[in-house]
K.L.:
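Just passing along the structure, written as structure tokens.
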Amino acid sequence: MMKEKFVAIIGGGLSGLCCARKLHAEGCSWKIFEADSAVGGRVKTDELDGFLLDRGFQVLLDNYVECREQLNYADMDLRAFEPGALVRYQGRFHEFSDPLRKPSSIFRTLFAPMGSWRDKIKLSRLRRLTDPRQESSRTQFAGLTTREFLIKYGFSKRLIESFFQPFFGGVFLESDLRTSAGKFRFLFHQFGTGNATIPNLGMGEIPRQLVKPLPPENICLGVKVESVSRQGVHLANGDDVDADAVVVATDQTTAVRLLGEPEVDQPHGVWCVYFAAPRDERRPILVLNGEGTGPINSLCWLSAAADGYAPEGQDLASVTVLQDAGDSGEMVESCLTQLQDWYGDEVTQWRHLRTYHVPNALPKQGSTFETGSRNIQHSSGIFRCGDYMEYASLNGAMVSGRECAEEVLRQLG
Ligand SMILES: Cc1cc2nc3c(=O)[nH]c(=O)nc-3n(C[C@H](O)[C@H](O)[C@H](O)COP(=O)(O)OP(=O)(O)OC[C@H]3O[C@@H](n4cnc5c(N)ncnc54)[C@H](O)[C@@H]3O)c2cc1C
């Protein structure tokens, strides 16, 4: 019965792929129309001279519930970073970790100068407050931005600026911390209880694994959808494809255009600058700029966590810049100046590999954003999914895609 129904999915990012997987598993006919030449959307990995370059620094938190359901972690050969961070502050690097996760870091963390003792006690209490089982604490985050929550909770300006700002600025891709405190609550818990990981062969392994069980002939690459209606989709090449249901699985900016809704705020963008360096003893831990000066928000030695990212004898550093850089050549130069200040003369041996600018990296999700606030069904026969429906993340995109397919199946039932 379901085989007679046909669903047109626009977009082959993680949400579109997870929507297709569910429809496929239930025996429904479907096709993905993807404008790009490959699936994966915002999750792609390029190869350059034996280095694996993700299009923007991303990590998979291994306790994301939906990711665990959809992915086979063992096959992906996930490699974990050390919990916590090394924070550059007052001209030195200081370790800042959760002593419950990494007991050996307790003294270094307690004596790190970025926050007071009071801050550190509050930090350990925050762990309990962000636990999703503490349903009653949810109201403490409601209607606030992350910055407003951190101030209200009593953290010092010093800790907010030297730790929360670069850490969560790098997660939200905005350093003002205007993102909803609800999203902060969700992610603080995820970071506190799981590992930040990357697949040894790059983040592109995620869509590669998701697409594996799907018939390739159902995935139309290089096919852009121009408009949608309850009858089906109109392609940029002029063709029309009839469908019983249409799923818009694009980024939010494209989705509102296709669905004829009011424009949304410009998404957050980010720059990612890759450097090659001679192989050395380097720690697989996030390095944060806690000083607030210079272009760099954070740095990560990807090859220290996952040796597949760099060829023999070399290391790969990924540098994240949140400010709008304008000229990318000048930005690379100013990153190198700052890196020289951090790491000294060894930086003269580093080689700039490539710079990625991702202008459409994450949707803005401010203080009023709540998950589940948008209807999956837009109108008769037209449905939507994408990271912007949930707290935008790999996990959110996957949840949204699967839930959308469930709704489509119910309606077509
Ligand atoms: C730099 C960066 C860092 C990130 N860091 C993390 C992180 O550390 N952890 C985390 O969990 N998440 C992170 N994310 C977020 C995560 O990658 C995204 O939330 C998720 O990949 C979005 O998936 P999606 O399917 O909703 O959208 P997309 O990936 O945007 O997929 C939409 C697809 O639709 C296609 N499309 C658009 N218009 C059309 C059209 N007209 N016709 C046909 N096809 C169309 C696009 O080509 C694209 O393939 C990061 C994202 C970026 C960019």
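Counting starts at 1 for both ligands and their atoms, following the listed order.
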K.L.:
For ligand 1, which part of Val43 has a heavy atom less than 4.0 Å away: the side chain, the backbone, both, or neither?
P.N.:
side chain
K.L.:
State the atoms of ligand 1, each with its element, that fall below the 4.0 Å cut-off from a heavy-atom position in Gly386.
P.N.:
26 (O)
K.L.:
Give a yes or no on whether a salt bridge exists between Glu291 and Arg92, defined as a side-chain N under 4.0 angstrom from a carboxylate O.
P.N.:
no
K.L.:
Out of all atoms in ligand 1, which are within 4.0 Å of some heavy atom of Thr254? Include the element for each.
P.N.:
38 (N)
K.L.:
Exactly one of Trp350, Tyr89, Phe93 should register a ring-ring contact (aromatic ring centres under 6.0 Å, His included) with Trp342. Which one does?
P.N.:
Phe93
K.L.:
Mind checking whether Val270 contacts ligand 1 via backbone (N, CA, C, O), side chain (CB onward), both or neither, at a 4.0 Å heavy-atom cut-off?
P.N.:
side chain
K.L.:
Please write down residue, atom name and distance for the protein heavy atom closest to atom 27 (O) of ligand 1.
P.N.:
Arg42 NH2, 3.0 Å
K.L.:
Can you tell me which portion of Leu362 lies within the under-4.0 Å heavy-atom range of ligand 1? Options are side chain, backbone, both, or neither.
P.N.:
side chain
K.L.:
Which residue holds the protein heavy atom closest to atom 31 (O) of ligand 1, what is that atom called, and what is the gap in Å?
P.N.:
Gly13 CA, 3.4 Å
K.L.:
Assess whether a salt bridge exists between Glu174 and Arg147, defined as any Lys/Arg side-chain N lying under 4.0 Å from an Asp/Glu carboxylate O.
P.N.:
no
K.L.:
Between Tyr274 and Phe57, does a ring pair (Phe, Tyr, Trp, His ring centres under 6.0 Å) hold up when you go through it step by step?
P.N.:
CA-CA 10 Å; Tyr274 283 107; Phe57 174 60; 9.0 Å; no
K.L.:
Quick one: which ligand 1 atoms are inside 4.0 Å of a heavy atom on Gly41?
P.N.:
29 (O), 31 (O), 48 (C), 49 (O)
K.L.:
What part of Tyr64 sits under 4.0 Å from ligand 1 if we count only heavy atoms: the side chain, the backbone, both or neither?
P.N.:
side chain
K.L.:
Determine whether Asp119 and Arg158 satisfy the following criterion, salt bridge (Lys or Arg N to Asp or Glu O under 4.0 Å), listing intermediate values before the conclusion.
P.N.:
CA-CA 10 Å; Asp119 277 325; Arg158 186 163 36 127; 5.4 Å; no
K.L.:
One thing to verify: whether Arg55 and Asp46 come together as a salt bridge, which I'm taking to mean a side-chain N less than 4.0 angstrom from a carboxylate O.
P.N.:
yes
K.L.:
Considering both backbone and side-chain atoms of Ile10, is one of its nitrogen or oxygen atoms within less than 3.5 Å of a nitrogen or oxygen in ligand 1?
P.N.:
no
K.L.:
What part of Asp387 sits under 4.0 Å from ligand 1 if we count only heavy atoms: the side chain, the backbone, both or neither?
P.N.:
both
K.L.:
If the threshold is 4.0 Å, N to carboxylate O, is there a salt bridge linking Glu26 and Lys22?
P.N.:
yes
K.L.:
Under 4.0 Å from any heavy atom of Gly56, which atoms of ligand 1 are there?
P.N.:
1 (C)
K.L.:
From the options Cys67, Ala392, Gly40, Ser15, select the one whose nearest heavy atom is closest to atom 24 (P) of ligand 1.
P.N.:
Ser15
K.L.:
Once you restrict to heavy atoms under 4.0 Å, what part of Thr250 touches ligand 1? Side chain, backbone, both or neither.
P.N.:
both
K.L.:
Pull out every atom of ligand 1 sitting under 4.0 Å from any heavy atom of Val358, numbered as shown with elements.
P.N.:
53 (C)
K.L.:
Is Val225 close to ligand 1, meaning an N/O of one under 3.5 Å from an N/O of the other?
P.N.:
yes
K.L.:
If you measure from atom 20 (C) of ligand 1 to every heavy atom of Ala397, Ala38, Gly396, which option wins on shortest distance?
P.N.:
Ala397
K.L.:
Mark up the atoms of ligand 1 that fall under 4.0 Å of a heavy atom belonging to Val223, in ascending order.
P.N.:
43 (C)
K.L.:
Could you identify the single nearest non-hydrogen protein atom to atom 14 (N) of ligand 1 and state the distance to 0.1 Å?
P.N.:
Gln58 OE1, 3.3 Å
K.L.:
Among all protein heavy atoms, pick out the one at the shortest distance from atom 34 (O) of ligand 1; state its residue, atom name and that distance to 0.1 Å.
P.N.:
Gly11 CA, 3.3 Å
K.L.:
I'd like to know if Phe57 contacts ligand 1, where contact means a heavy-atom distance under 4.0 Å to any ligand atom.
P.N.:
yes
K.L.:
Does CD belonging to Glu346 count more than 12 external heavy atoms closer than 6.0 Å?
P.N.:
yes
K.L.:
Near Arg279 CZ, under 6.0 Å, is it more than 12 heavy atoms from other residues, nucleotides or ligands?
P.N.:
yes
K.L.:
Please determine whether a side-chain nitrogen of the Lys or Arg among Arg42 and Asp387 lies less than 4.0 Å from a carboxylate oxygen of the Asp or Glu.
P.N.:
yes
K.L.:
What protein heavy atom is closest to atom 12 (N) of ligand 1, reported as residue, atom name and distance in Å?
P.N.:
Leu394 N, 3.3 Å
K.L.:
Any side-chain heavy-atom pair from Phe51 and Ser303 closer than 4.5 angstrom?
P.N.:
no
K.L.:
I'd like to know if the side chain of Tyr388 reaches the main chain of Leu362, judged simply by a donor and an acceptor atom lying under 3.5 Å from each other, with no hydrogens or angles considered.
P.N.:
no
K.L.:
Salt-bridged, Glu406 to Arg410, with N to O below 4.0 Å?
P.N.:
no
K.L.:
Below 4.0 angstrom from a heavy atom of Phe33, which ligand 1 atoms are there? Numbered from 1 as shown, please.
P.N.:
43 (C), 44 (N)
K.L.:
Hey, would you say the Phe184 and Phe168 ring centroids sit under 6.0 Å apart?
P.N.:
yes
K.L.:
In terms of heavy-atom contacts, does CD of Glu261 have more than 12 from other residues, nucleotides or ligands at under 6.0 Å?
P.N.:
yes
K.L.:
Under 3.5 Å between some N or O of ligand 1 and some N or O of Val59?
P.N.:
yes
K.L.:
Are any of the N or O atoms of Ala35 closer than 3.5 Å to those of ligand 1?
P.N.:
yes
K.L.:
Judged by non-hydrogen atoms, does Leu17 sit under 4.0 Å from ligand 1?
P.N.:
no
K.L.:
Do any nitrogen or oxygen atoms of Glu34 come within less than 3.5 Å of a nitrogen or oxygen of ligand 1?
P.N.:
yes
K.L.:
Can you confirm whether Arg128 is buried at CZ, in the sense that more than 12 heavy atoms of other residues, nucleotides or ligands lie under 6.0 Å from that atom?
P.N.:
no
K.L.:
Just wondering, more than 12 heavy atoms not from Lys44 lying within 6.0 Å of its NZ?
P.N.:
yes
K.L.:
Should Leu258 be counted as touching ligand 1, given the test is an N or O pair under 3.5 Å?
P.N.:
no
K.L.:
Where does Cys272 meet ligand 1, judged by heavy-atom distances below 4.0 Å: at the side chain, the backbone, both, or neither?
P.N.:
neither
K.L.:
Give the residue and atom name of whichever protein heavy atom lies nearest to atom 32 (C) of ligand 1, and the separation in Å to one decimal.
P.N.:
Ala249 O, 3.5 Å
K.L.:
Please report whether ligand 1 has a polar contact with Lys44, defined as an N or O pair separated by less than 3.5 Å (distance criterion only).
P.N.:
no
K.L.:
Looking at Arg374 and Glu390, does any basic side-chain N land under 4.0 Å from a carboxylate oxygen?
P.N.:
no
